[in-house]
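What follows is one structure encoded as structure tokens, with my remarks underneath.
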Amino acid sequence: MRIATWNVNSVKVRKDRVVAWLRQHRPDALCLQELKTTDEAYPAEAVRAEGCDSAVFGQKAYNGVALISPHAITRVVRGLGDGKEAPWLVGDDEVERLVGDEAARLPGESGDAAAQLLGEARLIGGEIRGVTVFSAYFPNGRSVGAPTYEAKLAWMGRLLGVLEDRFDPKDPLVLAGDFNVAPHDSDAKNPEKWAGSVLCHAGARDALERIREWGFVDVVRKHHPEGGLYSWWDYRQLGFPKNDGLRIDHVFATAPVAERSAGAWVDRDQRKGTKTDKPSDHAPVVADFDL
DNA sequence: ATGGTTGCTTAGCAA
């Protein structure tokens with residue numbers, strides 16, 4: 001079973017790339033982030049022409065996540081529900097869009113920012129071939145100390161709460177996506193340059209480590225413990241030509257899935273090319289399982 | 001270098 005994640009930075013601009021990638025690499029599950037469009041404008045027909053189903057949680061202009069699979073995608077849930085409606089337990093034929101209504105616990109601007117994040121299209125889950133797969137677009141945070149950074153950490157805490165409330169680490173579960181966190185210094189070409197950024201700050205790393213400790217294996221790290229693999233390079237300042245990258249896109253798997261992992265890799269080819277080739281600033285991250 | 005580039009939406013924001 002091949003599970004991949006790709007922040008496409010506009011699915012409309014990247015449609016032909018996504019279709020070609022599906023054809024070439026035939027993932028059993030592809031998690032997309034930053035669709036930057038509504039459900040209605042999502043190119044479902046082009047994906048279907050490749051024999052794949054889509055489950056989409058879109059949003060105008062920003063965010064937006066999707067699951068793509070050649071297999072049936074069941075038990076689809078959208079958003080970070082607050083648990084009252086048991087959002088992860090809806091029936092197969094139901095498609096619920098549930099948004100948390102729990103008032104953000106943070107005060108002031110941070111609380112406002114946190115509440116706003118809970119309403120954004122950043123998480124979609126579904127069951128594919130017996131594995132629960134989430135496509136997640138963690139908040140960026142903008143800058144350390146900003147209300148949006150506090151809100152990022154709160155969002156991550158909320159995600160951990162959903163895992164604790166609704167799932168068991170013994171479940172076959174994959175959390176994949178753009179986590180906007182590089183967990184280790186070896187996940188950056190220039191760790192000193194990024195040390196103070198929201199992508200590498202201790203607070204974000206701690207919050208991600210708490211999620212991982214709940215019961216995940218970082219599958220790429222398992223197969224490349226030395227680091228040096230990156231998944232995102234800034235469009236600015238020749239990020240990719242200088243390989244000034246960070247590994248912020250991840251495939252986390254619970255033990256029953258992770259113990260069957262056979263390899264993991266980053267498709268850097270998708271980040272290559274000139275302006276006219278229109279690459280995303282992220283490359284696909286791929287994990288293969290004997291499942 | 002409060003720079004640089006890309007995308008969405010229309011001049012400013014987000015990443």
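Residue numbers begin at 1 in each chain, while the letters A, B, ... track the order of the sequences.
When the P atom is used for both B:dA1 and B:dG12, the distance is 26 Å, rounded to whole Å. For the C1' atoms, the distance linking B:dA11 with B:dT6 amounts to 15 Å, nearest Å. Remark: the separation of the C1' atoms in B:dG3 and B:dC8 is 22 Å, to the nearest Å. Nucleotides B:dT9 and B:dG4 place their P atoms 24 Å apart, quoted to the nearest Å.
Aromatic rings from A:Phe240 and A:Tyr235 are positioned such that their centres are separated by 6.0 Å or more. For A:Trp194 and A:Trp232, the ring centers sit closer than 6.0 Å to each other.
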Would you list the atom pairs, donor with acceptor, under 3.5 Å between side chains in residues 140-148 of chain A and any protein atom, with sequence neighbours excluded?
| unit_1 | atom_1 | unit_2 | atom_2 | d |
| --- | --- | --- | --- | --- |
| A:Asn140 | OD1 | A:Arg142 | N | 2.7 |
| A:Thr148 | OG1 | A:Gly141 | O | 3.0 |

Which pairs would a plain distance check flag for residues 282-291 of chain A, meaning a side-chain donor or acceptor within less than 3.5 Å of a matching protein atom at least two apart in sequence or in another chain?
| unit_1 | atom_1 | unit_2 | atom_2 | d |
| --- | --- | --- | --- | --- |
| A:His282 | ND1 | A:Asp249 | OD1 | 3.2 |
| A:His282 | ND1 | A:Asp249 | OD2 | 2.9 |
| A:His282 | NE2 | A:Asn7 | ND2 | 3.4 |
| A:Asp288 | OD1 | A:Arg2 | NE | 2.7 |
| A:Asp288 | OD1 | A:Arg2 | NH2 | 3.4 |
| A:Asp288 | OD2 | A:Arg2 | NH2 | 3.2 |
| A:Asp288 | OD2 | A:Trp265 | NE1 | 3.4 |

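Positionally, the nearest nucleotide of DNA chain B for A:Asp234 lies more toward the 5' end than for the other of A:Pro139 and A:Asp234. Nearer the 5' end of DNA chain B, as judged by each residue's closest nucleotide, is the contact made by A:Pro279, out of A:Pro279 and A:Asn140.
Between the NZ atom of A:Lys278 and the P atom of B:dT5 there is a distance of 14 Å, rounded to whole Å. The distance from atom CG of A:Asn63 to atom P of B:dA15 is 7 Å, rounded to the nearest whole Å. Between A:Trp233 atom CH2 and B:dT6 atom C1' the separation is 17 Å, expressed in whole Å. For the pair A:Tyr137 OH and B:dG7 C1', the computed distance is 12 Å after rounding to whole Å. Regarding A:Tyr149, its OH atom lies at a distance of 15 Å from the P atom of B:dA15, rounded to whole Å. Remark: P of B:dA14 and CG of A:Asn7 are 17 Å apart, rounded to the nearest angstrom. Counting to the nearest Å, the P atom of B:dA14 and the CD atom of A:Glu120 are 10 Å from each other. Atom CG of A:Asp178 and atom P of B:dA15 are 10 Å apart (whole Å).
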Anything under 3.5 Å between a protein N or O and an N or O of nucleotides 8-10 of chain B, put it in a table, one pair a line.
| unit_1 | atom_1 | unit_2 | atom_2 | d |
| --- | --- | --- | --- | --- |
| B:dC8 | OP1 | A:Ser10 | OG | 2.4 |

Report all interatomic pairs (protein N or O, nucleotide N or O of nucleotides 1-4 of chain B) with separations under 3.5 Å.
| unit_1 | atom_1 | unit_2 | atom_2 | d |
| --- | --- | --- | --- | --- |
| B:dG4 | N2 | A:Gln237 | OE1 | 3.3 |

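Checked against side chain to side chain contact (heavy atoms under 4.5 Å, CB included), A:Ala258 has the following partners two or more places apart in sequence or in another chain: A:Val217, A:Ala253.
Contact check for A:Trp155 versus A:Lys152: no side-chain heavy atoms found under the 4.5 Å cut-off.
Note on residues 29-48 of chain A: no pairs pass ring pair (Phe, Tyr, Trp, His ring centres under 6.0 Å), not counting sequence neighbours.
Between A:Leu32 and A:Ser135, the shortest heavy-atom distance links the atoms O-OG, 2.9 Å.
For the residue pair A:Lys60/A:Thr37, the side-chain donor-acceptor check at 3.5 Å is not satisfied.
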